[in-house]
Number of protein chains: 2
Amino acid sequence: MARSASAMRGQILESALRLFAVHGFRGTSLQDIASDAGCSKASLLYHFAGKEKILTELLTPARDALATLLDRVAGLEGGRLVEETVVGYVDLTLRFRREIRLLFEDIAEMSCHQDLNVMELADGLLDALAGRSQRAPSRVAAWMVLGAVFITSATDDEVAPDEVLRAEMIRSALRTLDHTPS
Amino acid sequence: MARSASAMRGQILESALRLFAVHGFRGTSLQDIASDAGCSKASLLYHFAGKEKILTELLTPARDALATLLDRVAGLEGGRLVEETVVGYVDLTLRFRREIRLLFEDIAEMSCHQDLNVMELADGLLDALAGRSQRAPSRVAAWMVLGAVFITSATDDEVAPDEVLRAEMIRSALRTLDHTPS
DNA sequence: ACCGTAACTGTCCGATCGGTCAGGACTGAC
DNA sequence: GTCAGTCCTGACCGATCGGACAGTTACGGT
């Protein structure tokens, strides 16, 4: 029995992060976390005020890191601003990969579980976007376009009128893919 | 009372799509849908074998449209392939905007509900990525980079080694933002 | 040795949710 | 009129989940 407060807390957070990243937040019960961490459910609620507080504590470091990045680039402008922001943001997402994954797991599980097998189609789309290339740069760029268009289309309409949004999404996507217009 | 089978079914699907897009799939109960559609929960389960079947029927048109697109570009290659795929994919996401939104609502709700207010930070990040510009093209491109990096970092590691992934994400993101390296 | 306190647990609870079921209401065919 | 079949419902059920609480165990200071 981990008789140190911080030891058990750490164990709980570790188990929660792993389980959340596999089954999603809503798909993981307190009992699941407790079993994995090797303690009782009541012990969870002794260390954390509630299930959401566990998630909060899990995501706080990422939030703080993002805030720090924004502070750092606050004084910059022009090319330096964009470059520093992009590099910082990429590094940040890679560092907090598991945290981001847990946010997506609910979607992934939802898309797969149905009879409609979306994953197979996503592979085909990825292939086409990469121009059937298997090279890593092409694959990465294809993934980025897939995610970019997907998220942007879910954006509030107020960002841009539909026609502008459409045109810019297409142009930006082609730029991402390093596609020189014919 | 809609005494026609198809009328009630349509009403249920419409209510479900709207509620799912606001509260997410898991955040919407059968009772919620029934109340909104103006029928009993039991009536839902008369028309649909289960909650998941409602989601399936809601997402099937989008799935089919994607499959059709992939079929259409199956014979193409090179520049034509990429262009057709991008345009088709963008049009498709815009057409099924609400369906996509429902997939993201679980994430959005999770990110907002906490004390950690991520949305405010996301605004700041968007601003920086857009180089503080308020022009629609810059804003759209910034949104795309935000989504692209976010999703790609959650990707399976097998797509590319971390260092390659990092370098390509940065380069692709800067291309997306139409940023000419200094 | 004693005691206060932190760490931990078993047990119970209310709420909610997805789903079942027997039966009522309506409609069209004959 | 009646009968079959579709449409719809109220009531109920089992399971699960997040959370509350009283009580127990272990430990550190004195």
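In what follows, chains carry the letters A, B, and so on, assigned in the order in which the sequence lines appear, proteins first and then strands, with residues in each chain numbered from 1. All of these numbers come straight from a predicted model, not from anything done at the bench.
Around the CZ atom of A/R171, the shell of radius 6.0 Å holds no more than 12 heavy atoms that belong to other residues, nucleotides or ligands. In the displayed structure, B/Q31 atom CD is contacted under 6.0 Å by more than 12 heavy atoms of other residues, nucleotides or ligands.
In this entry the distance linking CZ of B/F48 with P of C/dG18 reads 15 Å, nearest Å. A/I33 has its CD1 atom 16 Å from the P atom of C/dC8, to the nearest Å. Between the CG atom of B/L44 and the C1' atom of C/dC17 there is a distance of 13 Å, rounded to whole Å.
Proximity of B/Y46 to the phosphate of D/dC7: a side-chain N or O atom is located under 4.0 Å from OP1 or OP2. OP1 or OP2 of C/dA6 has not a single side-chain nitrogen or oxygen of A/H47 nearer than 4.0 Å. Phosphate proximity of D/dC8 to B/S40: absent, as no side-chain N or O sits under 4.0 Å from OP1 or OP2.
At a threshold of 4.0 Å, the pair B/D106-A/R26 counts as salt-bridged, since one of the basic side-chain nitrogens sits closer than that to a carboxylate oxygen. Using a 4.0 Å cut-off between charged side-chain N and carboxylate O, A/E14 and A/R98 make a salt bridge. Contact check on A/E77 versus B/R132 returns no salt bridge, with no Lys/Arg side-chain nitrogen under 4.0 Å from an Asp/Glu carboxylate oxygen.
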For nucleotides 13-20 of chain D, give me one character per nucleotide, 5' to 3': B if any protein heavy atom sits under 4.0 Å from the base, S if the only such contacts are to the sugar-phosphate, - if neither. ----SBB-
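For the residue pair B/D71/B/T68, the side-chain donor-acceptor check at 3.5 Å is not satisfied.
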